[in-house]
Amino acid sequence: MNIKFYPVDITYSIEDGKPLIFLYGRTAEGEQICVIDDSFKPYFIVTGKPELDALKAVKQDDYVVTDIVKAKKNLNETETDAHIVYVNLPKAAPELQKLARKIKGVTGAYEHDIPFTRRYLIDKGITPLTQVIVDAEKTTRDFRVPCYFAKNIKSGDETATPLKILALDIETYNPDNKLDFKKNPILMIALYGEKFSRVITWKKFKTEDKTIEFVQSEADMLARFVELVHQFKPDMITGYFTDGFDFPYIFERAKILKVKLDLGLDNSALEIAGRKETEAKIAGIAHIDIFKFIKRVIGRGLKTDSYSLDAVSKELLGKQKHKVDMDHFFKVWDKGGEELEPFCKYNLQDTLLTYELTEKVLPTLIEFVRIMRLPPYDINRMPYSMFVEWYLINQAHQRGEIILSKPEHTEEGERMRERIQGAFVYEPKPGYYQNLVVFDYRSLYPSIIASHNISKGLVNCECCKDAPKIETERGTFWYCQKRKGLFATIISDLILIRAEVKKQLKKKSDNLLAARSEALKVLANSFYGYMGFAPARWYCIECAESTTAWARHYIHKAIDTAKEAGFTVLYSDTDSVFLLLEKKTKEQALALMDEINKKLPGLMELDFEGYYPSGIFVSLKAGEGGAKKKYALLNEKGELKIKGFETVRRNWSYIAKEVQQNVLSIILKENDPKKAKNYVREVIDSLRKNKLEVSKVIIKTQLTKATGTYTSVGPHVAAAQRMEAKGMTVSSGSIIKYVVIKGKGKIRDKVKLPEETSQDEYDGEYYIQNQIIPGIERIFAVLNINVDDLMSETKQSSLFGYEK
DNA sequence: ATTATCCGGGG
DNA sequence: GTGTACGGATAAT
């Protein structure tokens, strides 16, 4: 019979000396099933012309060679003699390849370090979460889902994946602010899915809430949890930091209480892997720790600098956690009764947030799963470098290119010491400027790699000595012009695929398409970093060196062409150029861009980033000439674009940020230094006279450890201690708010909490010197306004009671 | 400056 | 498991 289904998870096991692949997933009809395939054989590859009889005879313990097949392959992008050496067991490959290397005629052994289940997906061209059509027959097995034996398996149409998601969260007994898996019980477990919400707890109280379910004990709660998961039959269990907290905690408690956690669809137990950083695995169900995915993949695009469930939910969903006093949860538990209900609701809200966050980022996760052809469990835990690597592995296999091995430890160490010359920065003179245009190279590094055919196997080929060459500190490099390289092909493909996606996206906006476009962009941009990444299989320092060298070449080219055309170049960093128009027009600048573009090879292109009526460039520190990455621009819409200033930082008071922003705004919009000066003077004056309200002088700093453990007590620690003295609980991660008040001694002795500070108490002089002045002094330096002068004049003016 | 270490998330 | 942390910030030298 033919079954259409969507694989979610993949495992393998050995039965009767033979490896079996288990694909778990959901059918188009919505049934959860397992498809078993016994047809796939483990193997590795040898290059050279081996003595076949000797190679065939290679064995160790139970490991034997079962077959050898001659194959045409490329090694490092050059044709090579190769043989595929089939072995009886997956683990035989890494062992037997060591012996195979010693056989006469063998020049190398490869592809012995690819995990078996991943090997299966690559070779069969099967993509998780994407339709697979399998010719199968029913088989009997003691699994939780019906099993089928595969006779033939192939990929099907791209359609929406039917997925059942279940979110999980636990609350624990926690009396001394220390998480103790061994001592403290789990008090509640919440589950949330489509048309399903439940909180299980083991202390009964009166409630109308039907979602709360009471059991007799912690052990019963754990058993009930397992039962509910089996009833719900999720494809995906999702949680927030469940790899590091909820599942390891459940695991430890179940061990102590002797509860079976047979969550796996093959009846296997929940598995906790890793010593320092744990991972939780359930056979057949994709456990997604959405915190990990958000932090590693989505996080770059978020404004929040905390990845707490509360902060992330607020930004992505516009929803937050319930506010309850977690510090006293254990007391409420001890006492029992109806006061426990808000904690149940809090527990459930966390699962709701987790569920919705998962729904929100799932398109991106699915896109990565499809591009990298790896299970969602793996994608969830993978760093970017590995996205590039597994994409390369898939592409290499399709092209008959031998997958290179991971470097040995010593090799990796040597690579770590290799440094490459970075990007070019043209430092601007600090100053105030008008009429600027900004150009930047679109996807500079990827387009260089594609256009110059930069690839590991093509460095300084013998056949193309007349290819374009690039000088670097490491030597002169060129790349073969006769063959298209692996990197270049893959990157041009990525760029073209993305252009197509963007075209579709223009026709109609779509979540999945947008995620796809973003994933492809990020992937292309990661190639440069990958080439210089020590543990990379396709590590190529010459390629990385050539890429930055060409980048420097092209940015210089743009700068020189602009200068020749009579433009003043103000600033340049990596891929962008800032020009002053002076007497020239925007049209002339655009013509210059066209001229530069005409001479660029391949996919490279200089883009018009924008026109700015005014801008200010500020030196980083007094004495340091340049103003690298510290500038503010005003666009034609009147919006400020601020780079590198302190305005966004949390540990500055509101008034400091406000003054800096307003000064920049006055300068850029009105070009009126006098007005800016007077404005600051007024603020200084109102600080001196304590006219400004307390709320504007609150400083916020995050506490990073418990108050008692600090060796040097900073102002925020002193404030935290005050809070503790008042019976409030603070802990690592709390944001401490404080105000500096008048008085003598160290700052930490002059700290008060905002609610205990009256308006005439705060130390205006402190705020002027430590918050206002540092934020504006470099801006004023550019405008030749003397800050000391500003201060004394204010003193006078306030003394005589008039403004100058 | 450069190198080692600590930490996040979770209650 | 045919493989495994990572990246950023802060403290220490």
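A, B, ... follow the sequence lines: proteins, then strands. Residue 1 opens every chain.
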Please state the P separation for the pair B:dC7 and C:dG3 - nearest whole angstrom. 33 Å

Same-atom distance (C1') from C:dT2 to B:dG9, integer angstrom: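 To the nearest whole Å, 32 Å.
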
Result for ring-ring contact (aromatic ring centres under 6.0 Å, His included) between A:W333 and one of A:F205, A:F343, A:W202 points to A:W202

State whether a side-chain donor-acceptor pair under 3.5 Å links A:E418 with A:Y539. yes

Is [X] touching bases, backbone alone, or none of the nucleic acid, heavy atoms closer than 4.0 Å?
X      : value
A:E279 : base
A:N184 : nothing
A:R381 : nothing
A:K321 : sugar-phosphate
A:L309 : sugar-phosphate
A:Y43  : base
A:E111 : base

A:D243 to A:T278 - nearest heavy-atom pair and separation: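 What the structure gives for the nearest pair is O-OG1, 2.7 Å.
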
Which heavy atom of A:Y384 sits nearest to which heavy atom of A:S526, and what is that distance?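 Nearest heavy atoms, A:Y384 then A:S526: CD2-OG, 3.7 Å.
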
Tabulate protein N/O versus nucleotide N/O from nucleotides 5-9 of chain C, keeping only pairs under 3.5 Å, one per line.
residue : atom : partner : partner atom : Å
C:dA5   : N6   : A:E277  : OE1          : 2.9
C:dA5   : N6   : A:E277  : OE2          : 2.6

Should the ring pair A:F225 and A:F247 be called parallel, tilted or perpendicular, given that the plane angle runs from 0 to 90° and is split at 30 and 60? tilted

Any salt bridge (Lys or Arg N to Asp or Glu O under 4.0 Å) pairs touching residues 382-394 of chain A, not counting sequence neighbours? A:E389-A:R537

Heavy atoms from C-beta onward define the side chain here; which of [options] lies closest to that of [X]?
X      : options               : answer
A:K406 : C:dG3, B:dG9, B:dG11  : C:dG3
A:A93  : B:dG11, B:dG9, C:dT2  : C:dT2
A:D350 : B:dG11, C:dG3, B:dG9  : B:dG11
A:R118 : C:dT2, B:dG9, C:dG3   : C:dG3
A:S306 : B:dG9, B:dG11, C:dG3  : B:dG9
A:F241 : B:dG11, B:dG10, C:dT2 : B:dG10

Looking at A:K521, I want to see if its NZ is surrounded by more than 12 non-hydrogen atoms of other residues, nucleotides or ligands under 6.0 Å.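 No, because the 6.0 Å sphere around NZ of A:K521 holds 12 heavy atoms or fewer from other groups.
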
Within this structure, what is the [atom1]-to-[atom2] distance between [X] and [N], rounded to whole angstrom?
X      : N      : atom1 : atom2 : value
A:L168 : B:dG10 : CG    : P     : 14 Å
A:L353 : B:dG9  : CG    : P     : 16 Å
A:R537 : C:dG3  : CZ    : P     : 10 Å
A:N88  : C:dT2  : CG    : P     : 13 Å
A:I403 : C:dT2  : CD1   : P     : 15 Å
A:H287 : B:dG10 : NE2   : C1'   : 12 Å
A:Y240 : B:dG8  : OH    : P     : 14 Å
A:L121 : C:dT2  : CG    : P     : 13 Å

Does the cation-pi check pass for A:R253 over A:Y249, that is, NZ or CZ under 6.0 Å from the six-membered ring centre and within 45° of its axis?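 No; the conditions do not both hold, so A:R253 does not lie above the ring face of A:Y249.
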
Using the closest heavy atom to pick a nucleotide of DNA chain B for each, name whichever of A:R419 or A:I170 lands nearer the 5' end.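 Its nearest nucleotide being more 5', the pick is A:R419.
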
Is the backbone of A:F241 close enough, under 3.5 Å, to the side chain of A:D289 for a donor and an acceptor to pair up by distance? yes

